[in-house]
Amino acid sequence: MTDSALLLLQAAADSTHAYGEFPVIGARAFVWITAEVHLMFAAFVLGVPMFAVVTEAIGIFGGDERYDRLSKEFTRLLLVAYSATAIWGAMLVFGLSTLYPRFWAYLTTIFAPSMWLYAALFFIESFTLYLYYYGWDRWKKGRAKLGHWTLGILLNVWGTIVMFIANAWLTYMMSPPRDITPTTDPTTIKLWHAIANATWMPINVHRVIANVVFGGAIVGAYASYRFLAARTDEERAHYDWMGYVGNFIAMSALIVLPFAGYWLGREIYQYDQSMGITMMGGFMSWLWVIQAFLIAVLFLTGNYYLWIGMGRIPGAERFRPYTKYLLIVLVLGAIVWGTPHTMIADSKELAAMGGSHHPFLGALGVMSAKNTAVNLMILTTFLSFLLYRRANTRPVVPWARTGTIIQGAMFAVAAGVVLFYGIRGYFVEAIVRIGFSVYQVLAVLSCIVFVTLIDILMTRGAQSLGAIRWGKMPPRSQYALFILAVTFTWLMGLMGFARSGIRQYWHVWQVMQDTSKYAATPALGYASKMISLCVLIFLSLVAFVFWLGGLAEKSTFVAGEGEQGARHVGH
Amino acid sequence: MISGLLLLALRAAPFPSPHSPFPAQDTTKGKAVYVKWCAGCHGDGGAGDGPAAAYMLPRPRNFTGGLYKIRTTASGQLPTDADLARAIDDGLPGSAMPGWRGRLSNAERRNVMAYIKTFSSFFADTSQHVVPLKFSSAPSGGTSANAVKVGREFYDSIGCRKCHGDQGRGDGASAPTLKDDADFPIFAADLHQNWRFRGGGSVEDIYRRLRTGLDGTPMPSFADLIDQKFLTDEELWRLAQYVRSLSPPAPPEVRDVVHAPQIPGTVPVSPDDSAWARVTRYWFPLVGQVIHQSRWFAPAVSGVWVQAVHDGKTLALRVSWDDRTESPDTAWLKFEQRILETVAGDDSAPPLKAEPWPDELAIQFPRRLPEGSGEMERPYFLMGAATDPVYQWRWTSRPRRALAGLGRGIERFDTLAGAPAGEAIYEHGEWRLVLTRALATPDTANEVQLEAGRAIPMAFFAWDGSSGEHGSRMAVSTWYFLALDRATPPGVFISPVVAMLVTLGLGLVVVRRAQRRGAARSGV
Amino acid sequence: MSPRLPPAIRRYAEHPFWQAVGIVLIAYIVVVWVVPILPGSAIVPKSVVLQYMVTVLVGVLIYVSDNEERWRRFKEPIQAVLIEPRLKAVRAAALAGLTALVGLAAYGQVKTTVAAPPNLRSIHPAPPAEITFRGKTIALTGLENPLRQHPDSLSSYLAEGKRVYYQNCLPCHGDHLDGQGHFGPGFNPLPANFQDNGTIAQLTESFVFWRVAKGGPGLPREGTPWNSAMPVWEDFLTEREIWSVILFLYEQTGWKPRTWETEAGKGETGKGKGDD
Amino acid sequence: MWATNAKIVGIVLGTLALYTLIANKIPQVQSEVPQALTLGANVTPEQLVAAGQKVYTGIGGCTTCHGLGERAPNLLTDEKGQGPIGARCGKREPGKTCKQYLYESLDNPTAFVVSGYQPIMPVMTKQLSPAQVWSVIAFLESQGGAVDVSASDIPASSPTSTTSPGGGGGGGTAFAGGSTDPKVIIQAAGCLACHKLEGQGQVIAPDLTHVGSRRDAESIRKKILDPASSVTKGYEKLAGIMPKSFGTMMNAAQLEALAQYLAAHK
């Protein structure tokens, strides 16, 4: 750029203080909380529209009006959630520009045009949302309905672009292009060059999927609350069903999330080996033990919900005896998945083990075992879904038996591939072993895809074994949905800490150093308290949003209740 | 497991035939194993001269002579295959030889044993019949006072004390003259540490060593004394039982924390105060300083026994350790010189000259107690660093005094004004030292303030001057901990009671509710 | 359960409550007593036992409660103990036992015990991108063992590495390279076990070079620098000696060093999960 | 209803508490931040030595020459039987204490060139802050001698960071109070200690009088920021001598002014 701009920038940098201070909690905690809560709301307002559009489509093309109502019910919640997102986003920008002025100036120098675009898109997005919600009843039939649905899609497109732009800023902080050094004049950095950095796309993909998971989980929690608070059987049936749909979407997306995580982690390694090692083996290594624990909770709770749910499906009795074997696989998987490689032990135990690696169980602490465990857990969860889906139906196609056998064979092959490479991983060198995880993942993914395809074809026009008794769920299943939602949210906070923390004392990795008193990335204990606090703030606000939504809705729900309840059973 | 049973069976009932009880030994395969795992110490040609050999005392076995210390055969004879197998499988405690069971497969160990035998032509001579001795079994009453007394009589009468010393700590008058057949200096065994006996520390093992002798060393076989009717087989057993009685019943277990009980009155300042008999002893192993330049591979002090008490104001630490000499001792100068010549150190270091160094002991603490209860950050365990010094007590035997100071790395010790009181006694190969200091001192910046109820990091260093140890040539330990116990405050008993009351109350409420519900249900 | 069982036992074996109790007990026995006696195994640290038992307990609770009928039957004995008049003694005992247990646990929490802090070890601290070795800057990222570029001389390098190992590393890392040398037990943390698949098998040679050259004092703070007794080998060994001893470590243990990923291998995804 | 609400709140709080508890039970490790040592009034000799060692091996670039090779005496090892620098510094110049000798060597390197070596050392007092200079002296003294540098030697106003500023927005202090007059910058940075320009200065490094004909402004800027990026032909033996610290000691405007000024020297 021009010399004058350069001089101006220099003058600005020299005259501003690098850091501000926030009373009581400190600058970092303020930015942490605002960023985290903003991000959670952002995930919510990105995840829920996806949910809404999908359910509306099911309503339109499947002809089931329940889905349309569900879709609208959630769009209403979005209205308030949007303002919450905007408020927290404004607080974050305010915090960054006053507490980290020099860093913020640096970012704006590079990203200013994209920030304007961001703001503009946010306007358009809000506008689309209003149109979408308030036009619901007007454009209800025929072509107009399709047009309305297109609005929903547009809403998602804007939202996704907005997220991609914001992701560019934070991935630039994490992985600025290699040719940018501390002495690079920020005005000379090309915008697109900065945006298209190494981790931008992996983060984009990871976040899109995670938002679906998150939206589904929050919807599930909402439904479970309404279920527990329901006064009539009809209401209960409706929210039982909604909780199921929410959980279904969350769990399906969760199954593919680890693969996006693999990609992101790999890009980080590729970008900077030492950053990768800091992430997996350095001061953050214990973080993954917590992550493992949370993921184990997710798998166990998600499956638990499905298995209880089988109680309300006529025909599920056929499969119920098998759930205990699935449970055994899951528990063993959770045990392997959670086995630490470096164990916490006292000196006597250490002496007996000959180090902090257990001579026998240590084998479960390495990558081969973990990959195998998690892949098997994913397969098992998928099988749970399949059984659940199949429970109510008896296929009528002539090749049903063959199809089932093929499906079974596919599971066996996938599990076999996972186990084979898992065990073989112990006998090959590290670099080959890393490649094995690809085969395991491919086996699981292709099993999921093909089995689902076969299943869809096979259950066409299948005979129902009786009406699903929606609403006939014990309360503990609903509490499980709550645990899922809290765990997802907490996990999101934890992964946010991991992603942000691996930069350590850099605002922009190896370009701009954090010289504030908060330069040291805190230990996990402190981080967990912050995460819990953020989750609490977020959930309280979400509860408030839901309560507002409930205020407006009460009168309308009762009216349609009678006929709706009757139709629920037909699913 | 199975091979262990097999071995046990073999040892219980040795084969009287020269034929190997271990079939299918393949010396070609054995050679591969030997080259990979053994040659580093024992040398490619089996002469005990591998690259590591110069750093070891005792030296790795030279296989070419066919001379073995640990056998079940008569003095001067070749060992049986079982003897060799035992050394390979279980290793030789107190030396660098590890046990290879679990590290190499059974076949590999048998093959390498066969290969080792090819180094010496004696094994090839099949006319030599390797026959294990027939050993009697131990007479009963081995631990009785009488048995020990009989054993002790023969300990004196057959000359054990000449080398092993009056109390068996290897401090006998002839000890400084000892060398093995290869002219390397050799220590008379410290009979108080049976877990370091090469051939095992049980009464049976000791008895067998007395019968067979340790070939190649000054330790003779006493079998001929039985033949000469100087003593009976049973009396030899009694001797073995006496030797065994010198060591603790079980090898000491290393515990991390030395607990110092709070005692009424004042702390004992004398090492032989009877109060010490009632205080638990803790064993801490020491190893050679092989970390900092001018390394030392042959530490003479293998560990220290530590006891601690406090009276609320003063801490008394009693450290006792086995040391063959009250250094400086000119009688040992020649021996010291031989050790310095035998054990290699750093390649760049100039040749060492024996000097009359004193014995020393250092106890180290951090300057300040580490904060937090979690993972405690401590200074560098090897006497701190320039920027992060440690607080040390150093005691020397000549001049006989204790100092306190700051260690800033191994080479720098800055003396502080306040020193702990030190009182030491040397007796028959053992130092007993008591160091006392007030728990709180005025110099809080440099001197550790000892607080009750905290884990206080503590480490030990020892030098035996007569073994050539001085400066960085010493025995070191890692960080351990000292805990000053305090009387349990009453609050400790209140909260459990409260917790129990709450639990009981809740339990009763649950029961009551369940019963009310049950009654309601049955009422319907 | 097997129909052969006598009815009295069958009643228990088929009852979810007793099944749950049985599974937890068996799991405990397996973890605490069976695992240690497996060949080459050792006792399981208490922290891991706790972790396993919690997982099993959660699994068992899921098992008994994912089915209405089973859940009801599971609760039966508990209900019975709570209300049945004939089980008054059991009720009282359970209540007393629970109370005592809580009291004991509370006492265990508050009583003053001084224990050594936990021994932790970060096996793979993050390496710096470059280090100074005797004043010379060596970039670690992407660095391979330079000696491997001379395959003809490899055997002589290996011989040199073997000599270096036996003269320097042996007292701690041991004849079998398993961290059990005769000086090993004197240190804390125990010397690294190269035979373990979690140490050098997971690392690039440049990482090993860094650890050997800089030793314990050169560990970053996350690597518990106040503990490791690893010497600063750049004070003793030349660059070539260190590279050759690294060659020897891999040769002797049979592990292959982790190599730097090449562009060709970029299509493969994956990274370590967990804490390895 | 309230019971349900309370249960839900209980479950949420319980789950959060459990996760927080576990995260607090496992090992707590904070990341490490490179230390910006503050050499305050109560600085100890050890701190000075440690800081000096960092400067010596790091930003000071001393090891480029005073390490291996023949460009300069090795200060940390024995030189001709006189011991390392701390032991020999006091004997080098009669009447000068070790501290004086070392400071002058850094301040005016050509004053006492050890025989057999070229006068190629840059003026270190221009490269480094006074705190850094004095910490290097303390470090050198500690090599075989006694450290007698104390806080009183260090001017109070001097910047105290021993790490590179490294901030993206330009940080730290600038030469000559931020003046953009290229001649002032050249004077302040001490370029002429090595380079020749318009008939002035030493001839250790390439003559800059016609540098504009060899390099454009971009290339000059790059060379100043990263001296190792390119080496002028004929000076390969001296590669690495030019300090890397100039880039961090000028603000962007100064750098630009200097590059333009030099580029104009066709």
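Convention: sequence-line order gives letters A, B, ...; per-chain numbering from 1.
- By number of non-hydrogen pairs under 4.5 angstrom with chain B, the leading residue of C:Leu101, C:Leu170, C:Asn168 is C:Asn168.
- Of the listed residues C:Ala106, C:Ala229, C:Pro171, the one with more heavy-atom pairs under 4.5 angstrom with chain B than any other is C:Ala229.
- Interface residue C:Asp178: only side-chain heavy atoms are found under 4.5 Å from chain B.
- If you measure heavy-atom distances from B:Val257 to chain C, the contacts under 4.5 Å come from the side chain alone.
- Contact annotation for B:His259: only side-chain heavy atoms (C-beta onward) come within less than 4.5 Å of a heavy atom of chain C.
- Contact of B:Phe297 with chain C is made through backbone and side chain together, with heavy-atom distances under 4.5 Å.
- Neither the backbone nor the side chain of B:Val498 comes within contact range of chain C; no heavy atom of the residue lies under 4.5 Å from a heavy atom of that chain.
- No donor-acceptor pair under 3.5 Å is formed between the side chain of C:Thr99 and the backbone N or O of B:Thr503.
- Using a 4.5 Å heavy-atom cutoff, the side chains of B:Trp100 and B:Val112 are not in contact.
- For the pair B:Arg295 (side chain) and B:Gly288 (backbone), a donor-acceptor distance under 3.5 Å is absent.
- Residue B:Met97: no heavy atom, backbone or side chain, is found under 4.5 Å from chain C.
- Ring geometry for B:Phe381 against C:Phe187 counts as perpendicular: the plane angle is over 60°, on a 0 to 90° scale with 30° as the lower cut.
- Of the listed residues B:Gln515, B:Met500, B:Arg103, the one with more heavy-atom pairs under 4.5 angstrom with chain C than any other is B:Arg103.
- A donor-acceptor contact shorter than 3.5 Å links the side chain of B:His42 to the backbone of B:Arg61.
- A salt bridge is absent between C:Glu68 and C:Arg72; no separation between the charged side-chain nitrogens and carboxylate oxygens falls under 4.0 Å.
- Both the backbone and the side chain of B:Leu504 come within less than 4.5 Å of a heavy atom of chain C.
- Side-chain N or O atoms of B:Arg378 include none that pairs as donor or acceptor with a backbone N or O of B:Pro370 at under 3.5 Å.
- Within the 4.5 angstrom heavy-atom criterion, no atom of C:Glu84 approaches chain B.
- The residue among B:Pro496, B:Ala52, B:Ala514 with the most heavy atom pairs within less than 4.5 Å of chain C is B:Pro496.
- Between the C:His182 side chain and the B:Gly94 main chain, no donor and acceptor come within less than 3.5 Å of each other.
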